[in-house]
J.: 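The structure is given below, and queries will be raised subsequently.
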Amino acid sequence: MTAQIIDGKALAAEVRAEVAVRVAALRARGLQPTLAVILVGDNPASMTYVRHKGSDCESVGMRFVLDRYPADLAEAALLARIEALNADPSVHGMLVQLPLPKHIDTNKVIAAISPLKDADGFHVQSAGALMIGLPGFKPCTPYGCMRMLKAAGVDPKGKHAVVVGRSNIVGKPMALLLLQAHATVTICHSATPDLGAFTRQADILVAAVGRRRTITADMVKPGAAVIDVGMNQDEAGKLCGDVDFAGVREVAGSITPVPGGVGPMTRAMLLVNTVEAAERAAG
Ligand code: GUN
């Protein structure tokens with residue numbers, strides 16, 4: 001039996017349709033939900049991401065404000081711009097596209113963003129809120145992964161979830177969200193010996209490693225839900241995940257493809273966070 005494919009592209013369209021309804025309701029009350037993005041420099045990948053964010057906003061009726069600066073922008077000038085956006089009541093969500101040039105302290109920049117407008121969910125206060133179960137913005141990628149599990153009919157309660165990867169924006173928040181959903185959670189990482197011994201125990205397996213074909217069929221429990229957060233290139237330069245899709249789909253119960261899985265959902269959840277910020281601002 002081959003796995004159910006969790007179609008991130010289709011699910012993201014569903015999420016956008018829900019967001020569009022919420023945007024329309026706010027606009028009917030005279031409030032135009034707005035996302036502001038700051039882009040420093042001309043990293044080609046960042047420029048592509050930001051362009052997508054703009055077209056996503058447009059597709060749900062949200063206003064998108066892009067602030068572009070040259071790579072030599074002074075840190076103080078960036079912090080001042082963030083302060084201005086914090087104080088601007090017409091802006092509800094904001095983010096600074098990463099990576100930033102080396103002369104700018106990324107942590108300092110993220111800390112300057114108002115937690116009320118932290119659409120990426122990267123602020124320490126957002127991370128802390130997630131940690132202790134208070135309302136706050138969730139990082140878009142793990143938030144999207146949770147939505148994908150739900151769509152696949154996978155309830156984490158009582159399941160063993162294994163997260164491979166411990167980054168602040170995927171692995172750690174993913175583990176916390178799964179814990180909040182009553183899973184038993186194991187976090188593995190680059191220093192974990194015999195990774196397969198852990199992943200074979202997973203009812204839910206989240207791969208956020210950053211290395212192609214890290215998860216092979218022999219490492220997956222039959223019937224498991226497999227979420228592939230990887231964004232790598234294969235030998236031919238084509239986008240591929242961390243999971244050996246062709247092999248693992250023959251073992252897993254459900255699986256997300258790359259492309260067309262987690263990526264589109266991450267983009268959609270940014271819109272969810274932004275409309276939520278606007279709703280909170282509207283009271
Ligand atoms: N760079 C790559 N992904 C992201 C993201 O989700 N948010 C920001 N701010 N920068 C990124």
J.: Applying a strict under-4.5 Å side-chain criterion to I, L, V, M, F, W and Y, I'd like to know whether V91 and L116 cluster together.
T.: no
J.: Following the transitive rule for hydrophobic clusters with a side-chain heavy-atom cut-off under 4.5 Å over Ile, Leu, Val, Met, Phe, Trp and Tyr, establish whether M146 and I5 coincide in one cluster.
T.: no
J.: Is the side chain of T199 donor-acceptor paired with the backbone N or O of M219 at a distance under 3.5 Å, no angle test?
T.: yes
J.: Considering residues, nucleotides and ligands other than E279, do more than 12 of their heavy atoms fall under 6.0 Å from its CD?
T.: yes
J.: For the residue pair H123 and A111, what are the closest heavy atoms and their distance?
T.: NE2-O, 3.2 Å
J.: Can you tell me how far the CG atom of D67 sits from the CG atom of L85, to the nearest 0.5 Å?
T.: 6.0 Å
J.: Do D242 side-chain atoms and G210 backbone N/O form a donor-acceptor pair below 3.5 Å?
T.: yes
J.: For the backbone of N86 and the side chain of K117, can you confirm whether one donor and one acceptor N or O come within less than 3.5 Å of each other?
T.: yes
J.: Kindly indicate whether the side chain of M174, heavy atoms from C-beta on, has any atom under 4.5 Å from the side chain of C145.
T.: yes
J.: Which pairs count as salt bridge (charged side-chain N to carboxylate O under 4.0 Å, His left out) when at least one residue sits in residues 83-98, sequence neighbours excluded?
T.: none
J.: Any chance you could measure F137, atom CZ, to Y143, atom OH, to the nearest 0.5 Å?
T.: 9.5 Å
J.: Determine whether more than 12 heavy atoms belonging to other residues, nucleotides or ligands lie under 6.0 Å from atom CD of Q32.
T.: yes
J.: Using every non-hydrogen atom in the two residues, find where G93 and A119 come nearest and quote the distance to one decimal.
T.: CA-CB, 4.3 Å
J.: Kindly compute the distance separating CZ (R16) from OG (S59), expressed to the nearest 0.5 Å.
T.: 5.0 Å
J.: Indicate every side-chain donor-acceptor pair of residues 245-255 with a distance under 3.5 Å to a residue at least two apart or in another chain.
T.:
none

J.: Please find the pair of heavy atoms, one from V258 and one from G230, that lie closest to each other, and give the distance.
T.: CG1-O, 3.7 Å
J.: Please step through side chain to side chain contact (heavy atoms under 4.5 Å, CB included) for the pair V109 and I82, ending with a clear verdict.
T.: CA-CA 8 Å; V109 166; I82 292 169; 3.6 Å; yes
J.: Connecting only ILVMFWY residues whose side-chain heavy atoms lie within less than 4.5 Å of each other, what is the rest of F64's hydrophobic cluster?
T.: L35, V37, L39, M47, V50, L66, L95, L270
J.: Examine distances only and state if a side-chain atom of R200 and a backbone atom of D218 form a donor-acceptor pair shorter than 3.5 Å.
T.: yes
J.: Are D244 and R212 close enough that some pair of their side-chain heavy atoms sits under 4.5 Å apart?
T.: no
J.: Would you say E276 and L271 make side-chain contact, with heavy atoms under 4.5 Å?
T.: no
J.: Hey, could you give me the CG/CD1 distance between L205 and I227, rounded to the nearest 0.5 Å?
T.: 9.0 Å
J.: Taking NZ, NE, NH1 and NH2 as the nitrogens, is one of them in R22 or E18 under 4.0 Å from a carboxylate oxygen of the other?
T.: no
J.: State, yes or no, whether a side-chain contact exists between P99 and S46 at a heavy-atom distance under 4.5 Å.
T.: yes
J.: Do M269 and V15 have side chains that get closer than 4.5 Å, going by heavy atoms?
T.: yes
J.: Would you say the side-chain atoms of S167 pair up with the backbone N or O of V170, donor to acceptor, closer than 3.5 Å?
T.: yes
J.: For residues M265 and A12, report the shortest heavy-atom separation together with the two atoms involved.
T.: SD-N, 3.5 Å
J.: Under 3.5 Å, is there a donor-acceptor pair between the side chain of K172 and the main chain of I187?
T.: no
J.: Out of curiosity, N273 CG to D120 CG, how far, rounded to the nearest 0.5 Å?
T.: 8.5 Å
J.: Can you give the donor-acceptor pairs under 3.5 Å from side chains of residues 69-76 to other protein atoms, not counting sequence neighbours?
T.:
unit_1 : atom_1 : unit_2 : atom_2 : d
E75    : OE1    : D105   : N      : 2.8
E75    : OE2    : K108   : NZ     : 2.9

J.: Would a single hydrophobic cluster contain both L179 and M131, if residues Ile, Leu, Val, Met, Phe, Trp and Tyr are joined by side-chain heavy-atom contacts under 4.5 Å?
T.: yes
J.: Check for a donor-acceptor pair, side chain of D228 on one end and backbone N or O of P257 on the other, with a separation under 3.5 Å.
T.: no
J.: Side-chain heavy atoms under 4.5 angstrom apart, residues restricted to Ile, Leu, Val, Met, Phe, Trp, Tyr: same cluster for L149 and V220?
T.: no
J.: Is the shortest heavy-atom distance from the side chain of T256 to the side chain of V226 under 4.5 Å?
T.: no
J.: Is there a salt bridge (charged side-chain N to carboxylate O under 4.0 Å, His left out) between R213 and E235? Walk through the geometry before answering.
T.: CA-CA 12 Å; R213 280 190 290 279; E235 296 82 349; 2.5 Å; yes
J.: Should V209 and V206 be regarded as members of a common hydrophobic cluster, given that ILVMFWY residues are connected when their side-chain heavy atoms come within less than 4.5 Å of each other, either directly or indirectly?
T.: no
J.: Looking only at side chains, do S90 and T34 share a donor and an acceptor under 3.5 Å apart?
T.: no
J.: Decide side chain to side chain contact (heavy atoms under 4.5 Å, CB included) for S126 and K138; before the verdict, give the C-alpha distance in whole Å, the side-chain angles of both, and the deciding distance to 0.1 Å.
T.: CA-CA 7 Å; S126 304; K138 300 170 184 71; over 6 Å; no
J.: Closest approach of V23 and G61, non-hydrogen atoms and distance?
T.: CG1-O, 3.5 Å
J.: Compile the donor-acceptor pairs under 3.5 Å between side chains in residues 156-165 and protein atoms, sequence neighbours left out, one pair per line.
T.:
unit_1 : atom_1 : unit_2 : atom_2 : d
K159   : NZ     : D155   : O      : 2.8
H160   : ND1    : Q201   : O      : 3.3
H160   : NE2    : T186   : OG1    : 2.7

J.: Would you check if the side chain of T266 reaches a backbone N or O of V262 as a donor-acceptor pair within less than 3.5 Å?
T.: yes
J.: Is any side-chain heavy atom of R211 less than 4.5 Å from a side-chain heavy atom of N232?
T.: no
J.: Excluding sequence neighbours, so at least two apart, what forms salt bridge (Lys or Arg N to Asp or Glu O under 4.0 Å) with K150?
T.: none
J.: Compare all side-chain heavy atoms of E14 with those of R147 and state whether any distance is below 4.5 angstrom.
T.: yes
J.: Which value, rounded to the nearest 0.5 Å, describes the distance between M94 atom CE and H92 atom NE2?
T.: 11.5 Å
